[in-house]
There are 2 protein chains.
Amino acid sequence: MRMSTKAQYAVRALVSLNLTSDGAPVTIKAISEQEKISLNYLEQLFVKLRRGEIVQSVRGPGGGYVLARHPADITIDQIIDTVEEAIMPLSCMNDDGSCSCGLECTTQAVWQGLGQQIRSFLASMTLEDLTNDGRQRLTGCVSNS
Amino acid sequence: MRMSTKAQYAVRALVSLNLTSDGAPVTIKAISEQEKISLNYLEQLFVKLRRGEIVQSVRGPGGGYVLARHPADITIDQIIDTVEEAIMPLSCMNDDGSCSCGLECTTQAVWQGLGQQIRSFLASMTLEDLTNDGRQRLTGCVSNS
DNA sequence: AAAAAATTGACAGAAATAGTCGGGTATGCT
DNA sequence: AGCATACCCGACTATTTCTGTCAATTTTTT
């Protein structure tokens, strides 16, 4: 059971974007420096985030990325869905996904239930929640750079 | 976000064991054939399960494995903990696990909350629950072999 | 047209996982 | 005592997945 860093990076980058932005586009270079994430890797993520309509790109000089929607309308599970394929791929079923009426179906039900649990948890948190949380922490702490 | 097949195999094998057993030890060879899992791979898993006191081994001819505890006292998260190291390793923190007071702490809180969610879900299901479920399915279906 | 900036796709290194193989050790039956 | 059964253990390999990088292209502004 593990969460890919890809998902973690995407969430962090978006929180950073939302936190930094004053309405004008933010370059991923700025995010990269602030979050210490490889610039090129971030590019990959933002390509997917744009396709998933989480962010909008503004090309040309002075360009960058802006949130495509209000942060309260962006949930964490949407972000994860966008950057990786599935939140929880199941490898326990027969290759064709059918049920052979053996024990697999029993255990499958467990993982599927778990998957739903995970999803609903992630769906209950929005980017705005995290940003507010992050803002609090930043002001409550001494600067660290 | 994915669940290792190791955990899935372990759970399936234990359900199978509990389902097949009439009190006498069950050989992993039998489980291997029933669940179509490599014998040697299963052995590896059962070594860990024995160390984790989920099962007990009976040596010599006529031997095999028996559950070490009542199935109602074996929860799924115990099984997973036993066969793999951690349910949810976090890679989002600084290598030493400290908080650098940046945005990491915000997003860390998300993953940690998620980890607890997952754990409590898996802790709420026992081997007995799954076995009963499996028994129902087996009798409710036509034989498939 | 030139320059700046974003987009794209292909690619390589690293890490984790799945599964295999061979030998060893303890136990019970004859 | 000896043999067969069945668990125990460590090392090894192949495969997949993930992470991260590089180079080339397209678009927009000046």
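Sequence lines set the chain letters: A, B, ... in the order given, protein chains first and strands last, and positions in each chain run from 1. These numbers come from the heavy atoms of this one structure, side chains and all, not from hydrogens, waters or symmetry mates.
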- Given DNA chain C, 5'-ward residue of the pair B:G60 and A:P61, judged by closest heavy atom: A:P61
- Query: Can you tell me how far P of C:dA6 sits from CZ of A:R51, to the nearest Å?
  - Reply: 17 Å
- Could you check B:L130 against B:L14 for side-chain contact (heavy atoms from CB on, under 4.5 Å), going step by step and ending with a plain yes or no? CA-CA 10 Å; B:L130 287 190; B:L14 286 175; over 6 Å; no
- Reference residue A:I74; test side-chain contact (heavy atoms from CB on, under 4.5 Å); the match among A:I54, A:T82, A:T126: A:I54
- Task: Check the distance between C:dA6's P and A:Q56's CD and give it to me in whole angstrom.
- Result: 15 Å
- Message: Tell me the interatomic distance from A:E35, atom CD, to D:dG20, atom P, rounded to whole angstroms.
- Response: 14 Å
- Query: Going by the angle between their ring planes, with limits at 30° and 60°, are B:F46 and B:Y65 parallel, tilted or perpendicular?
  - Reply: tilted
- Task: Check the side chains of B:N40 and B:S38 for a donor-acceptor pair under 3.5 angstrom, ignoring hydrogens and angles.
- Result: no
- Are A:R59 and C:dA4 close enough that a side-chain N or O sits under 4.0 Å from OP1 or OP2? no
- Could you check whether A:I28 gets within reach of a base, just the sugar-phosphate, or nothing at all, counting any heavy atom under 4.0 Å? nothing
- Message: Rounded to whole Å, how long is the line connecting atom CG of B:L17 with atom P of D:dA6?
- Response: 15 Å
- Distance in angstrom units between B:L42 CG and D:dC8 C1', rounded: 14 Å
Filtered N/O pairs between nucleotides 19-23 of chain C and protein, under 3.5 Å:
residue, atom, partner, partner atom, Å
C:dG19, OP2, B:Y9, OH, 3.3
C:dT20, OP2, B:S38, OG, 2.5
C:dT20, O4, B:Q44, NE2, 2.4

- Message: Treating B:S16 as the side-chain partner and B:R12 as the backbone partner, does any N or O pair qualify as donor plus acceptor under 3.5 Å?
- Response: no
- Message: Please report the distance, rounded to the nearest Å, between NZ in A:K29 and C1' in D:dT21.
- Response: 17 Å
- Task: Starting from C1' on C:dT8, measure out to NZ on A:K48 and report it in whole angstrom.
- Result: 13 Å
- Item | Pair B:K6-B:L45, side-chain contact (heavy atoms from CB on, under 4.5 Å): steps then yes or no | CA-CA 8 Å; B:K6 195 189 286 186; B:L45 296 181; 3.3 Å; yes
- Task: For residues A:L17 and A:L67, determine if any side-chain heavy atom of one lies less than 4.5 Å from a side-chain heavy atom of the other.
- Result: yes
- When the distance from CZ of A:R50 to P of C:dA5 is rounded to whole Å, what number comes out? 19 Å
